[in-house]
Amino acid sequence: MKDSIRFKLISFANCLVPKNSYKCFFYDRGMISYNEISMLTWASDNQLVKKYQMIYFTNNPTAARKMFPETVKIISNPIKGFFHQLSSKYVFVEQNGHQWMCRPAHKQLMVQLWHGTPIKKVGNLNHTTHWFSYDDVFSRVLAPSEYAWSIMRKCFSYSDNKKIICPYPRCDELLNQNAKDLRKKLGLDDKSRIGVWLPTFRTAYYETHGSNDAPDFPILTENNINILNGLLKRSNTTVIVKMHVLQRRLPFFDTNYSNIIFMDNAALVDMEMSLYSLLGASDCLISDYSSVIFDYLLVNKPIVFTVDDYYSYKDNRGFIDEDMFNNVPGPTAHDVEELVNSIESVLTKDAYESERNTLCRKMNKEGIRLGDYAATVFRQLGIEK
């Protein structure tokens with residue numbers, strides 16, 4: 001009831017405040033909205049900031065100032081942030097809900113960029129009821145392909161006239177791949193292979209289903225991580241584990257290993273790298289039930305899938321398209337030995353290129369050049385120089 005009243009009050013206030021047609025407001029409290037960050041980067045690099053005021057709201061202004069030039073106005077004060085949202089014609093969000101969620105005013109565009117095409121059951125598919133309609137709060141919704149849009153509609157019942165079909169702007173950063181520079185920053189030799197491991201978030205799933213003591217990280221434990229490190233060292237491969245922002249910190253995250261590096265968002269900021277430029281510089285991706293696999297298809301590099309908890313995850317959380325995991329475009333690993341063997345096999349002989357290309361055409365719209373995704377989204381919203 002309180003949330004419903006809050007929503008109505010903010011919606012009412014939003015209708016009263018005049019909108020600045022040349023102001024864009026980006027809501028990203030935790031600096032995890034990579035589409036927003038890529039769009040702001042493109043706007044700064046391509047002089048869009050000369051015509052439009054770009055406002056970025058975050059709870060980490062220090063890190064944000066390292067990422068953006070002075071032409072992007074960084075706001076951390078909630079009162080100022082609220083005012084800028086109410087007075088902006090264009091409002092961008094990337095999560096399903098945000099602090100000042102409301103109905104868009106007349107001629108205002110609330111744009112849902114999303115943080116990936118859903119793989120796990122969310123929204124309507126969870127059979128939960130909400131006090132608001134997903135379709136009421138967004139004027140436009142981004143999906144990377146028509147098939148991805150069909151998933152969005154199943155999950156959130158969006159109206160078809162709200163769709164923007166374009167691969168995610170964050171994927172533009174995949175082109176900023178400087179493997180030599182990455183190896184130098186990490187102190188690796190020029191022949192070292194680099195795998196990036198992006199596991200999905202598990203803690204909430206386990207706790208929701210009464211398994212608080214279940215492992216919330218795939219495959220790795222304190223008992224086998226040294227085995228993995230030794231096998232990786234033997235094959236001159238380094239694995240960078242980028243932890244999910246909500247990942248519970250486990251004891252072995254803080255141990256130094258020769259061939260395993262654990263990173264969080266702060267470490268990437270210190271390295272002056274985005275997550276997607278890190279992916280672009282890698283030789284392969286390791287993941288599981290994360291939509292990053294669809295983005296990585298755009299660079300056509302090998303993918304290894306960890307599936308050690310597939311059946312428990314499927315039975316409790318559920319997948320939207322179970323057939324997809326019966327035909328993944330890469331080898332699957334259930335334990336440390338299979339993981340190392342899979343990495344070695346795809347980096348020696350890539351046997352899944354055709355399967356990746358087929359899935360890429362399904363999940364990412366063709367005909368838009370990689371590097372032009374942020375520009376395309378701005379253009380479809382009528383935001384041009």
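Keep in mind that what you see is a predicted model, and the values were worked out from it rather than measured.
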| field | Audit row: Tyr313, Tyr289, ring pair (Phe, Tyr, Trp, His ring centres under 6.0 Å) steps and yes/no | value | CA-CA 9 Å; Tyr313 208 97; Tyr289 326 121; 4.9 Å; yes
Does the gap between the ring centers of [X] and [Y] come in under 6.0 Å?
X	Y	answer
Tyr90	Tyr22	no
Trp114	Phe138	no
Phe7	Trp100	no

Surrounding [atom1] of [X] (heavy atoms of other residues, nucleotides or ligands, distance under 6.0 Å), is the total greater than 12?
X	atom1	result
Glu70	CD	no
Leu16	CG	yes
Lys185	NZ	yes

[atom1] of [X] to [atom2] of [Y]: how many Å apart, nearest 0.5 Å?
X	Y	atom1	atom2	result
Ile343	Ile194	CD1	CD1	12.5 Å
Leu285	Trp197	CG	CH2	11.5 Å
Cys284	Ile303	SG	CD1	9.5 Å
Ile219	Ile225	CD1	CD1	12.0 Å
Ser192	Asp283	OG	CG	8.0 Å
Thr238	Arg183	OG1	CZ	9.0 Å

Presence of salt bridge, [Y] and [X], under 4.0 angstrom:
X	Y	result
Arg153	Asp160	yes
Glu146	Lys362	no
Arg170	Glu36	no
Lys184	Asp181	no

| query | Among the clusters formed by ILVMFWY side chains lying less than 4.5 Å apart, do Tyr352 and Met363 turn up in the same one? | reply | no
Modelled atom types, side-chain donor and acceptor of [X] and [Y], under 3.5 Å:
X	Y	value
Thr200	Lys120	yes
Asn14	Gln108	yes
Asn176	Glu173	yes
Ser342	Glu338	no
Asn364	Tyr373	no
Tyr27	Ser33	no
Lys23	Ser87	yes
Ser277	Ser274	yes
Asp135	Ser159	yes

| task | Evaluate the criterion ring pair (Phe, Tyr, Trp, His ring centres under 6.0 Å) for residue pair Tyr168 and Tyr276; output intermediate values, then yes/no. | result | CA-CA 11 Å; Tyr168 291 117; Tyr276 276 70; 9.1 Å; no
Cut-off 3.5 Å, no hydrogens considered: what does the side-chain donor-acceptor table look like for residues 59-69, sequence neighbours left out?
| from | atom 1 | to | atom 2 | distance (Å) |
| --- | --- | --- | --- | --- |
| Asn59 | ND2 | Arg29 | O | 3.4 |
| Asn60 | OD1 | Ala63 | N | 3.3 |

| query | Within 45° of the ring axis of Phe319 and under 6.0 Å from its six-membered ring centre, is that where the NZ or CZ of Lys314 lies? | reply | no
Side-chain donor/acceptor pairs under 3.5 Å, residues 252-268, sequence neighbours excluded:
| from | atom 1 | to | atom 2 | distance (Å) |
| --- | --- | --- | --- | --- |
| Asp254 | OD1 | Arg249 | NE | 3.0 |
| Asp254 | OD1 | Arg249 | NH2 | 3.0 |
| Ser258 | OG | Asn229 | ND2 | 3.1 |
| Asn259 | ND2 | Thr237 | O | 2.9 |
| Asp264 | OD1 | Ala266 | N | 3.3 |
| Asp264 | OD1 | Ala267 | N | 3.0 |
| Asn265 | OD1 | Tyr34 | OH | 3.0 |
| Asn265 | OD1 | Lys242 | NZ | 3.0 |

| remark: Sorted by chain and number, sequence neighbours left out, side chain to side chain donor-acceptor pair (under 3.5 Å) with Arg234 holds for none
| So, Lys301 side chain and Tyr296 main chain: donor-acceptor pair closer than 3.5 Å or not? | no
